There are 2 protein chains.
Amino acid sequence: MTFSEENYLKTIYHITSSSGTEVSTNAIAEKMETKASSVTDMLKKLADKELIVYQKYKGVILTDKGSHLAKMIVRKHRLWEVFLVDKLHFPWDEVHDIAEQLEHIKSEKLINKLDDFLGNPTEDPHGDPIPDSSGLIKKSNKLLLSEVELNKEYRCIGVKDSSSDFLKYLDKQKISLGSTFVVKERENFDDTLLVEVNSRKVTISNKIANNLFVH
Amino acid sequence: MTFSEENYLKTIYHITSSSGTEVSTNAIAEKMETKASSVTDMLKKLADKELIVYQKYKGVILTDKGSHLAKMIVRKHRLWEVFLVDKLHFPWDEVHDIAEQLEHIKSEKLINKLDDFLGNPTEDPHGDPIPDSSGLIKKSNKLLLSEVELNKEYRCIGVKDSSSDFLKYLDKQKISLGSTFVVKERENFDDTLLVEVNSRKVTISNKIANNLFVH
DNA sequence: AATTATTTTTAGACAAATCTAAAAATATAT
DNA sequence: ATATATTTTTAGATTTGTCTAAAAATAATT
Ligand SMILES: [Mn+2]
Ligand SMILES: [Mn+2]
Ligand SMILES: [Mn+2]
Ligand SMILES: [Mn+2]
């Protein structure tokens with residue numbers, strides 16, 4: 001598999017797991033910042049290799065084979081992210097781009113040894129689950145901070161958006177995975193929250209609250 | 001730079017540092033297992049980028065810029081090899097192929113952090129020197145076991161050939177970097193050596209002795 | 001139901017990296 | 001010095017992944 005094929009597969013996997021249904025040509029093109037015509041070309045190739053089921057104009061879904069391969073790429077991506085943060089002490093907002101490269105390194109033995117070296121982590125630095133070597137994903141029942149009850153204690157377990165901008169904002173507000181949240185007030189007009197973060201009062205907009213997973 | 005450009009640059013660097021003079025098209029083609037015509041095409045590209053000095057039919061040499069870039073690729077290759085052996089406990093004969101992939105990962109910050117994480121090693125698992133971040137290489141005065149005096153003690157500090165076959169042979173004979181050698185006898189007919197390896201008597205052919213660096 | 005808008009696919013072009021076959025330059029041998 | 005052999009370069013083709021522009025299919029509106 002080429003880097004390009006792997007990137008398409010991973011993108012289709014990510015869109016599927018949030019939408020659930022068939023993935024459209026345009027949705028792929030948008031996420032990959034490429035043209036729809038390029039996507040169509042690649043879909044034919046992936047269909048030939050039986051990694052996706054593709055019917056003209058109908059969108060695509062991954063086959064079992066394609067889904068497994070996609071999960072293996074995600075596994076590599078997230079394990080490398082753990083390595084970069086835990087071992088090399090990269091800040092969590094700088095690891096994604098490097099992991100985009102490392103996820104294409106081909107060696108099953110390497111990734112399994114890396115997994116052991118890291119202590120078989122189940123989550124990456126952004127709280128996303130790491131598939132195990134057979135593709136199994138431990139899913140946690142997570143809530144968005146925006147949907148949470150007042151005056152109950154929650155722990156931050158992940159971020160929905162892991163853009164550098166958002167992660168740097170969280171650093172500035174001293175919010176990280178493991179922080180405790182108690183929502184004290186919800187402003188009716190714009191759903192802004194008044195939250196105690198590790199007992200420190202912080203005002204959090206609805207947009208921010210919509211991108212923080214808690215438990 | 002593309003992977004292909006990096007591989008050509010590295011190959012030219014390696015041939016230069018053993019031969020010293022201009023590198024011929026055919027020498028590159030042979031080492032890269034490709035055709036001379038493909039090499040010519042790439043040489044034009046590298047010359048356009050001022051990474052090599054190229055005159056038709058005259059062979060090539062690296063510019064300062066090209067030489068520095070080549071050393072940075074070698075640096076990455078060897079640091080990753082150290083990581084694989086020291087941290088992930090790969091056997092030393094399995095790391096080269098994986099490092100061939102990892103050497104193309106682009107991030108200066110990554111490689112410098114990796115360097116620190118590994119304790120700034122000066123040599124890779126095969127005894128080859130690791131250029132520092134400015135391209136400086138600490139060179140050691142090493143001898144081949146085949147050229148050594150009788151009844152003097154030497155230490156194994158590197159291998160010239162690092163093919164899997166040779167490294168596995170050394171594992172079988174329990175020879176590794178740091179082993180002590182005392183050559184007791186040299187057979188005149190074929191230069192076979194009788195060597196005490198860590199006080200254990202071993203017969204070593206001339207071909208083997210020609211691929212072991214000692215000090 | 002017919003028209004308009006959007007999405008998707010096709011057709012054809014292009015850059016990168018490779019190849020084969022042929023031509024040109026250089027090196028070797030008689 | 002001439003002929004022969006080797007090395008290197010060019011010419012032209014191929015594969016992969018991309019693009020633009022146009023055509024075809026599907027979806028949304030009137
Ligand atoms: Mn990521
Ligand atoms: Mn992540
Ligand atoms: Mn190597
Ligand atoms: Mn090495």
Side-chain angles (χ1 to χ4, degrees), chain A residues 1-13 15-16 18-62 66 69-70 73 100-101 103-106, chain B residues 1-13 15-16 18-62 66 69-70 73 100-101 103-106:
Chain A
M1 268 218 294
T2 64
F3 283 21
S4 191
E5 289 171 337
E6 291 190 341
N7 284 332
Y8 274 93
L9 221 52
K10 192 182 51 154
T11 299
I12 295 168
Y13 173 78
I15 300 174
T16 310
S18 59
S19 80
T21 63
E22 290 83 15
V23 181
S24 75
T25 302
N26 259 4
I28 298 168
E30 197 170 330
K31 205 154 216 166
M32 299 198 60
E33 295 181 298
T34 184
K35 301 291 160 170
S37 56
S38 306
V39 174
T40 303
D41 285 346
M42 183 57 85
L43 293 184
K44 288 174 185 168
K45 198 177 309 174
L46 294 175
D48 280 349
K49 297 193 173 185
E50 300 187 304
L51 300 174
I52 59 172
V53 179
Y54 169 56
Q55 293 182 91
K56 277 191 204 177
Y57 298 101
K58 301 290 181 185
V60 297
I61 49 169
L62 293 169
L69 282 173
I73 302 162
E100 285 291 304
Q101 299 180 62
E103 73 189 2
H104 300 292
I105 302 293
K106 273 142 198 99
Chain B
M1 269 219 293
T2 65
F3 283 21
S4 191
E5 288 171 336
E6 291 190 340
N7 284 332
Y8 274 93
L9 221 52
K10 193 182 51 155
T11 299
I12 296 168
Y13 173 78
I15 301 173
T16 310
S18 59
S19 80
T21 64
E22 289 84 16
V23 182
S24 74
T25 303
N26 259 4
I28 299 168
E30 198 170 329
K31 206 154 217 168
M32 299 199 59
E33 297 181 295
T34 183
K35 303 290 162 171
S37 56
S38 306
V39 174
T40 303
D41 285 346
M42 183 57 85
L43 294 183
K44 288 175 184 167
K45 197 177 309 177
L46 294 175
D48 281 349
K49 296 192 173 185
E50 300 187 306
L51 300 174
I52 60 173
V53 179
Y54 169 57
Q55 294 181 91
K56 277 192 203 175
Y57 298 101
K58 301 288 182 188
V60 296
I61 48 167
L62 293 169
L69 280 174
I73 300 162
E100 284 291 304
Q101 299 180 62
E103 71 188 5
H104 300 292
I105 302 293
K106 273 142 198 101

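Since this is a predicted model, take the numbers as computed values, not measurements. What's counted below: heavy atoms across the whole structure, side chains too, no hydrogens, waters or symmetry copies. The sequence lines fix the lettering, A, B, ..., with proteins before strands; numbering per chain opens at 1.
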Report the distance from atom [atom1] of [X] to atom [atom2] of [N], rounded to the nearest whole Å.
| X | N | atom1 | atom2 | answer |
| --- | --- | --- | --- | --- |
| Ile28(B) | dT8(D) | CD1 | P | 9 Å |
| Met1(A) | dG17(D) | CE | C1' | 16 Å |
| Lys58(A) | dA27(D) | NZ | P | 7 Å |
| Leu46(A) | dT16(D) | CG | P | 13 Å |

- Task: Could you check whether the rings of His104(A) and Phe3(A) sit parallel, tilted or perpendicular, using 30° and 60° as the cut-offs?
- Result: parallel
- Query: Can you list the residues that meet the side chain to side chain donor-acceptor pair (under 3.5 Å) rule with Gln101(B), with sequence neighbours excluded?
  - Reply: none
- Should the pair Glu5(B)-Lys10(B) be classified as a salt bridge under the 4.0 Å nitrogen-to-oxygen rule? no
- Would you mind building the protein contact string for nucleotides 10-20 of chain C? One character per nucleotide, 5' to 3', B for base within reach (heavy atoms under 4.0 Å), S for sugar-phosphate only, - for untouched. B-----SSBBB
- Task: Would you please indicate yes or no on a ring centroid separation below 6.0 angstrom for Tyr8(A) and Tyr13(A)?
- Result: no
- Here the gap from Ile52(A) atom CD1 to Lys44(A) atom NZ, rounded to the nearest 0.5 Å, amounts to 11.5 Å
- Under 4.0 Å: is that the gap between some side-chain N or O of Asn26(B) and OP1 or OP2 of dT6(D)? no
Which donor-acceptor pairs under 3.5 Å do side chains of residues 21-43 of chain A form with protein atoms, sequence neighbours excluded?
residue  : atom : partner  : partner atom : Å
Ser24(A) : OG   : Ala27(A) : N            : 3.1
Thr40(A) : OG1  : Ala36(A) : O            : 3.1

